[in-house]
Number of protein chains: 2
Amino acid sequence: MTDIETTPLFRKLSAFVSLSEAEVTVLKELRQRRRTFTAGRDLIHQGQSDQDIYLLDSGWVCSYKILPDGLRQIVDFQIPGDFLGLRSALLQTSDHSVEPITDIEVSEVFVADLLGAFARTPRLATAVLWAASRDEAMVVEHLVNIGRRDADVRTAHFLLELGARLALVGLGSKEGFACPLTQYHLGDVLGLSAVHVNRVLRRLREGGMLTVHKGQVTFDNYDRLIAFAEFDPTYLDQERPFLK
Amino acid sequence: MTDIETTPLFRKLSAFVSLSEAEVTVLKELRQRRRTFTAGRDLIHQGQSDQDIYLLDSGWVCSYKILPDGLRQIVDFQIPGDFLGLRSALLQTSDHSVEPITDIEVSEVFVADLLGAFARTPRLATAVLWAASRDEAMVVEHLVNIGRRDADVRTAHFLLELGARLALVGLGSKEGFACPLTQYHLGDVLGLSAVHVNRVLRRLREGGMLTVHKGQVTFDNYDRLIAFAEFDPTYLDQERPFLK
DNA sequence: CGGCTATTTGAATGGCATCAAATTGGGTGG
DNA sequence: CCACCCAATTTGATGCCATTCAAATAGCCG
């Protein structure tokens with residue numbers, strides 16, 4: 001296993017709380033078996049109970065819900081350093097499914113171990129609560145996006161936000177980012193049909209704002225794009241650890 | 001102050017973890033000044049930083065975001081026992097505003113006290129993490145509702161879910177519940193115009209499913225309604241404490 | 001009773017979905 | 001290396017759901 005201080009989870013939690021030697025050790029011991037999953041095969045099924053928690057080491061996954069009529073809504077994408085199934089474990093039953101978009105590597109974490117770690121190192125519990133709050137803030141922004149913005153602004157805003165998240169872990173910049181999502185994925189996350197996503201992307205491209213092509217999102221004019229999308233670029237910033 | 005064991009927060013956390021005598025004492029000591037706010041005046045402003053946390057004792061509030069063009073999206077309603085501003089405090093700046101819908105009573109909780117309580121009684125931290133997960137699950141369900149259901153089903157589903165939440169704290173039943181929301185509130189929470197909400201409510205009424213009148217939501221035919229709304233009535237159930 | 005807010009209804013517009021079909025491109029096996 | 005296949009992308013045509021604008025009615029409070 002690589003040195004923990006370079007892992008995405010450590011980097012993420014460090015943004016909130018300066019972890020002590022002992023806390024890092026606890027964090028390290030949480031990780032059990034390393035596992036890999038292939039793209040497209042669900043890791044967690046809606047309705048499943050008592051499944052384990054995973055920590056995403058590499059690759060992309062999405063959490064989604066399926067409605068009775070087969071429509072799908074993607075709630076969020078997870079990138080390295082994110083927990084998979086933490087909420088499901090706490091609530092004892094999964095309210096959503098989780099599907100790998102690319103092949104992924106995860107570390108298994110046992111629920112009992114995690115709760116034990118919280119008991120022994122409370123600052124870790126607070127740090128995980130912080131991370132959960134950050135996830136919730138992203139879902140909330142997503143909700144507003146779907147509820148109140150039209151398709152063009154919504155799409156631009158979503159891609160900017162995804163780029164900002166990826167930039168935080170070194171996987172993107174103002175130029176753009178590598179993106180394995182299809183137009184079907186984009187439709188399901190944006191609450192649009194894939195056909196309409198295609199038209200939206202064409203308008204954004206012809207407006208000189210962004211291009212999506214061959215697994216690459218390119219911001220052609222970053223400043224015009226953030227103005228158009230009403231995007232707040234400071235949104236995900238976390239400049240200083242909160243808990244000393 | 002009333003006996004803590006009858007407070008909504010205690011009832012809620014007890015659904016997840018059996019609290020010890022010592023933990024109850026800590027919970028009791030968290031509550032500082034009791035304050036009241038009048039309907040319509042924001043308690044927390046979008047963009048504000050370093051504000052305190054409140055615990056809602058009575059009344060209804062909503063959390064919302066305002067877009068640059070003035071459109072509003074209500075993210076969630078809070079009812080007694082819910083924290084206000086917990087996420088904002090952890091993230092150090094508020095990504096949303098909070099407005100009382102009715103006159104409300106809150107207890108002030110200092111951030112430092114709460115973090116201190118987590119350090120001394122880790123089970124409390126886990127319980128609050130559980131409560132936060134439950135809140136996130138509700139936001140996720142709301143997201144799916146807006147993203148993928150048409151206006152009629154969306155509205156029916158939302159009112160059923162609100163009724164279920166209220167039933168958990170003794171404020172509603174299969175018959176219906178008292179509801180201070182206007183059609184503007186419903187529009188802003190459902191991502192619809194108030195005018196269209198009116199038409200939707202008429203269709204639901206004429207379909208014999210539910211009636212909204214004079215601050216009262218009445219489920220005229222509960223079974224037909226849950227079938228129509230694709231509502232899972234077990235959704236918020238929490239039958240047994242998870243942490244012994 | 002007057003004034004305000006919330007509700008209700010109508011008519012016209014438009015954004016997005018749906019259905020259908022053509023085209024592109026990557027991957028695979030012969 | 002080419003032929004083929006399948007998935008993803010692209011474009012057109014049509015219809016509907018929800019918005020917007022407008023105005024009337026109902027209900028509540030001072």
Side-chain angles (χ1 to χ4, degrees), chain A residues 38-41 62 67 69-74 99 101-103 145-159 178-207 210-218, chain B residues 38-40 62 67 69-74 99 101-103 145-159 178-207 210-218 228:
Chain A
T38 57
R41 297 274 294 276
C62 67
L67 300 190
D69 57 8
L71 280 176
R72 170 164 104 149
Q73 175 67 50
I74 294 179
E99 176 193 305
I101 289 175
T102 64
D103 291 350
N145 209 19
I146 289 184
R148 286 301 190 197
R149 290 196 253 251
D150 70 30
D152 292 27
V153 174
R154 190 190 305 177
T155 303
H157 193 279
F158 170 77
L159 290 174
C179 175
L181 306 177
T182 67
Q183 293 181 3
Y184 287 92
H185 286 123
L186 290 175
D188 283 343
V189 77
L190 293 168
L192 299 170
S193 67
V195 171
H196 199 64
V197 167
N198 186 276
R199 299 187 216 277
V200 168
L201 292 180
R202 180 157 62 88
R203 281 195 293 268
L204 293 176
R205 174 167 16 91
E206 290 174 351
L210 67 81
T211 307
V212 179
H213 187 60
K214 280 176 176 274
Q216 187 71 30
V217 173
T218 307
Chain B
T38 57
C62 66
L67 300 191
D69 57 6
L71 279 177
R72 171 163 103 151
Q73 176 67 51
I74 293 178
E99 174 193 306
I101 289 176
T102 63
D103 291 350
N145 209 18
I146 289 183
R148 287 302 189 196
R149 289 197 254 251
D150 71 28
D152 291 26
V153 175
R154 189 189 306 176
T155 303
H157 193 281
F158 170 77
L159 290 173
C179 175
L181 305 177
T182 68
Q183 292 182 3
Y184 286 93
H185 286 124
L186 290 175
D188 283 343
V189 76
L190 294 168
L192 299 170
S193 67
V195 171
H196 199 62
V197 167
N198 186 276
R199 299 186 216 278
V200 168
L201 292 179
R202 179 157 62 88
R203 280 195 293 269
L204 293 176
R205 178 170 10 97
E206 289 173 352
L210 67 82
T211 307
V212 179
H213 186 60
K214 279 175 176 273
Q216 186 71 31
V217 173
T218 307
F228 175 74

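Here is how names work: the chains are called A, B, and so on, in the same order as the sequence lines, proteins then strands, and each is numbered from 1.
The closest donor-acceptor contact from the side chain of Arg148(A) to the backbone of Arg72(B) lies under 3.5 Å. Listed for the Gln73(A) side chain is no donor-acceptor partner under 3.5 Å among the backbone atoms of Asn145(B). The backbone N or O of Leu192(A) sits nowhere less than 3.5 Å from a side-chain atom of Arg154(A) that would complete a donor-acceptor pair. With hydrogens and angles disregarded, a donor-acceptor distance shorter than 3.5 Å links the side chain of Asp103(A) to the backbone of Ala39(A).
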Summarise how protein sits on nucleotides 11-27 of chain D as a single string, 5' to 3': B when a protein heavy atom is under 4.0 Å from the base, S for sugar-phosphate-only contact, - for no contact. BBB----BBBB------
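Residues His185(A) and Asp188(A) form no side-chain contact, since every pair of their non-hydrogen atoms from C-beta on lies 4.5 Å or further apart. Taking the side chain as every heavy atom from C-beta outward, Thr218(B) and Leu210(B) never approach each other to under 4.5 Å. Residues Thr155(B) and Val197(B) are not in side-chain contact: their nearest non-hydrogen atoms beyond the backbone lie 4.5 Å or more apart. Proximity of Leu186(B) to Leu201(B): side-chain heavy atoms (C-beta onward) are separated by under 4.5 Å at one or more points.
Relative to the axis of its first five pairs, the axis of the last five pairs of the helix from dC1(C)-dG30(D) to dG30(C)-dC1(D) sits at 40°, rounded to 10 degrees.
The nearest whole Å value for the distance from the CG atom in Leu201(A) to the C1' atom in dT10(D) is 11 Å. dA8(D) atom P lies 8 Å from atom NE2 of His185(A), rounded to whole Å.
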